[in-house]
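In the text below, chain A, chain B and the rest are named by the order of the sequence lines, each starting its count at 1. We use all heavy atoms of the structure for the numbers below, so side chains are in, but hydrogens, waters and symmetry mates are not.
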There are 2 protein chains.
Amino acid sequence: MGRQPSAKPTSFDIAYLAGVSQPTVSRALRGSRSVSAATRANIERIARELNYTVDKNASSLRSQRTHTLALLFFEDPTPDQSMINPFFLSMLGSITRQCALRGYDLLISFQQMHNDWHVAYQDSHRSDGIILLGYGDYQLYRSKLEHLVEMDTKFVRWGSVSDDNIGLTVGSDNVGAGMQAGRHLLEIGRRTIAFLGDASDHAPEFQDRYAGLCRAMEAAGLSPDPALQRDAVSSEESGHAAARALLASGRPFDAIFAASDLIAIGAMRALTEAGLRLPHDVAIIGFDDIPAANLTSPTLTTVMQDMKSAGELLVDALLRRLDDLPVERAVLPTRLIKRQSTAV
Amino acid sequence: MGRQPSAKPTSFDIAYLAGVSQPTVSRALRGSRSVSAATRANIERIARELNYTVDKNASSLRSQRTHTLALLFFEDPTPDQSMINPFFLSMLGSITRQCALRGYDLLISFQQMHNDWHVAYQDSHRSDGIILLGYGDYQLYRSKLEHLVEMDTKFVRWGSVSDDNIGLTVGSDNVGAGMQAGRHLLEIGRRTIAFLGDASDHAPEFQDRYAGLCRAMEAAGLSPDPALQRDAVSSEESGHAAARALLASGRPFDAIFAASDLIAIGAMRALTEAGLRLPHDVAIIGFDDIPAANLTSPTLTTVMQDMKSAGELLVDALLRRLDDLPVERAVLPTRLIKRQSTAV
DNA sequence: CGCCATAGGGTATACGTATACGCATAATAT
DNA sequence: ATATTATGCGTATACGTATACCCTATGGCG
């Protein structure tokens with residue numbers, strides 16, 4: 001079995017070749033100022049030649065810092081495993097890139113909501129901090145957050161910034177986004193606007209979007225009709241069902257603001273099936289700007305969240321928190337993407 | 001700063017409380033047979049009470065096993081950062097779950113193709129093995145693979161199983177899938193079938209799909225027209241351009257097999273713009289079954305890859321490889337999803 | 001009744017790095 | 001010129017676990 005052409009080089013090997021002690025190698029490579037420029041250059045050269053890389057485990061063990069962040073994605077226990085919220089992908093990409101930029105590794109794990117909270121805590125063992133993306137039942141989620149705070153685990157989360165704010169939160173300006181959507185619908189002359197999305201405190205983000213819509217309507221002298229709000233979770237089926245229920249109720253409406261694109265897409269199907277013309281009879285706005293929003297017919301007007309900044313802010317906030325730097329919750333502006341579904 | 005209600009417990013703490021030595025704790029928790037059932041039970045109880053978890057770094061350092069897999073996603077340097085291949089998401093979900101099931105952590109990182117190969121090797125420092133998902137220029141990718149083999153790094157990759165096969169490969173049966181698609185188009189009476197997708201050896205998977213199509217046609221006594229094959233990478237724009245070029249060539253055709261759904265969607269747009277009716281004038285089949293395939297009009301017939309099994313097989317193969325167990329390349333069957341775009 | 005195997009667990013140490021300290025030498029200050 | 005401080009580096013050790021090795025007590029066997 002005689003292979004092992006070059007066992008993994010250690011800092012001792014470098015030290016030997018450079019004629020210095022191992023700690024000096026460590027200092028040189030970590031950028032300590034108490035190493036002369038010449039020595040450092042020499043050490044760096046040798047390290048490069050040997051293709052040396054610092055052993056992550058040893059380093060972490062000694063320094064008690066892993067230089068790794070964990071991304072926990074909480075999801076509802078759904079039978080349909082494959083259908084993950086599409087907008088999560090761009091968030092993931094953004095977070096990954098930002099981690100790489102900051103020299104951090106990213107550990108990722110999908111968690112079922114019902115899992116024991118200490119799973120998350122355990123992860124804190126392998127990472128310096130945690131980024132939480134949570135969907136589904138907020139109450140369940142919330143109790144986990146409280147545990148994390150108790151354990152003094154460092155974390156940031158993506159979500160509604162205007163809620164009770166356990167821990168450090170980064171999120172879109174959902175109220176503002178709701179107002180954007182509402183104003184746009186009002187501008188094109190719509191007056192009876194329905195909202196599809198859970199408006200209970202189980203889903204603070206949806207709640208905020210609805211609140212924004214209401215505020216826009218009130219600013220225009222209209223009073224939102226509570227009967228035109230229908231609960232829906234973020235899925236096509238749910239949107240379809242909610243829209244059908246709305247139609248069945250007989251209440252007239254000339255516009256829909258859906259709390260997510262998936263809901264909107266389901267609703268569009270229901271409306272079309274009912275023989276309504278979009279956007280002539282009913283204008284519709286979604287939320288997220290998933291790729292599919294540009295493929296529906298008519299194409300879907302929607303509110304885009306700034307995922308790129310979101311990832312950057314999440315990582316940045318967490319790293320600041322790790323360094324005990326002051327850090328505040330962040331609210332990201334959104335952008336209205338006008339397409340055919342609101343083109344009068 | 002007097003907090004620190006409970007410093008992280010170590011195996012020594014457990015040992016003390018259990019009245020045994022630290023190594024016994026280690027043995028008990030790792031399931032060594034040389035510790036009595038009573039002692040083990042006692043140790044496990046105490047560990048649970050103290051909320052003890054094994055320190056990953058110390059454990060890895062000592063045992064030289066990280067119990068972590070790295071997922072490297074190679075992508076072309078594209079300016080459009082947000083548009084990651086959508087099918088990657090379900091793969092990711094599948095891999096994550098499988099890792100969790102097997103007790104492995106998953107480290108994830110997006111790599112630009114042009115990055116130095118040893119970035120990947122470096123990752124092998126932090127993980128026991130690597131899962132590679134690669135897209136874009138295969139030649140570039142290939143040289144990296146060779147380096148990995150040289151370094152004796154353990155890895156598996158997703159891709160074309162029928163190519164030169166550097167390292168261990170898991171992939172869909174692309175040739176078979178091409179035949180499925182071809183046969184379906186022939187069944188509905190189409191005879192002149194175009195193929196949109198790079199058929200060079202820069203993209204072995206696309207090449208295989210085209211080969212499958214050709215085989216199906218030849219089996220029906222038809223000879224594929226090379227002029228009806230147009231290069232395209234997996235994006236809507238590329239599909240759109242390829243379809244336009246095809247139309248501009250003046251060659252008649254009554255069906256298109258696109259190497260990916262994104263290509264198909266772009267092509268559909270081009271065809272519709274040219275006043276063609278789908279599927280009456282031109283039937284079209286895509287590949288991947290991304291969520292958007294069900295939203296186009298007409299809805300898109302496509303070939304679905306079994307992502308769930310894919311993730312499972314990738315992880316399983318890699319773990320077997322780590323244990324030096326025999327392991328073979330795997331080929332996954334695909335499934336044709338019939339929708340409106342081929343409904344005659 | 002001596003011999004050896006086995007169970008059960010202790011002792012010592014290695015994994016590779018980072019850091020507290022100490023100690024020279026050199027550079028300033030007084 | 002002496003006292004002081006900074007520079008540059010070596011010495012010693014800790015981080016928490018896993019494992020090679022050794023030891024004791026027991027039981028089975030001839």
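Side chains of E205(B) and S160(B): a donor-acceptor N/O pair is absent below 3.5 angstrom, by distance only. With no hydrogens or angles considered, a side-chain donor-acceptor pair links T68(B) and K56(B) at under 3.5 Å.
Residue S21(B) is in base contact, counting any heavy-atom pair closer than 4.0 Å across all strands shown. Within the 4.0 angstrom heavy-atom criterion, only backbone atoms of the sugar-phosphate kind lie near S59(A); the bases stay farther away. Counting any heavy atom pair closer than 4.0 Å across all strands shown, V20(B) reaches sugar-phosphate atoms only and no base atom.
Projected onto DNA chain D by closest heavy-atom contact, L61(B) and R27(B) fall at different nucleotides, the more 5' of which corresponds to L61(B).
Residues meeting the salt bridge (Lys or Arg N to Asp or Glu O under 4.0 Å) test with R102(B), sequence neighbours left out: D316(B).
By the 4.0 Å N-to-carboxylate-O rule, D55(A) lies too far from R62(B) to be salt-bridged with it. Between D128(A) and K154(A) there is no salt bridge, since no side-chain N of the basic residue sits under 4.0 Å from a carboxylate O of the acidic one.
Only S34(B), V35(B), S36(B), T39(B), listed by number, bring a heavy atom of residues 31-50 of chain B to less than 4.0 angstrom from any atom of DNA chain C.
You won't find any donor-acceptor pair under 3.5 Å spanning the side chain of R62(A) and the base of dG16(D), going by distance alone.
Remark: P of dT17(C) and CZ of R126(B) are 13 Å apart, rounded to the nearest angstrom. Taking atom CD on Q64(A) and atom C1' on dT19(C), their separation rounds to 12 Å, with Å as the unit.
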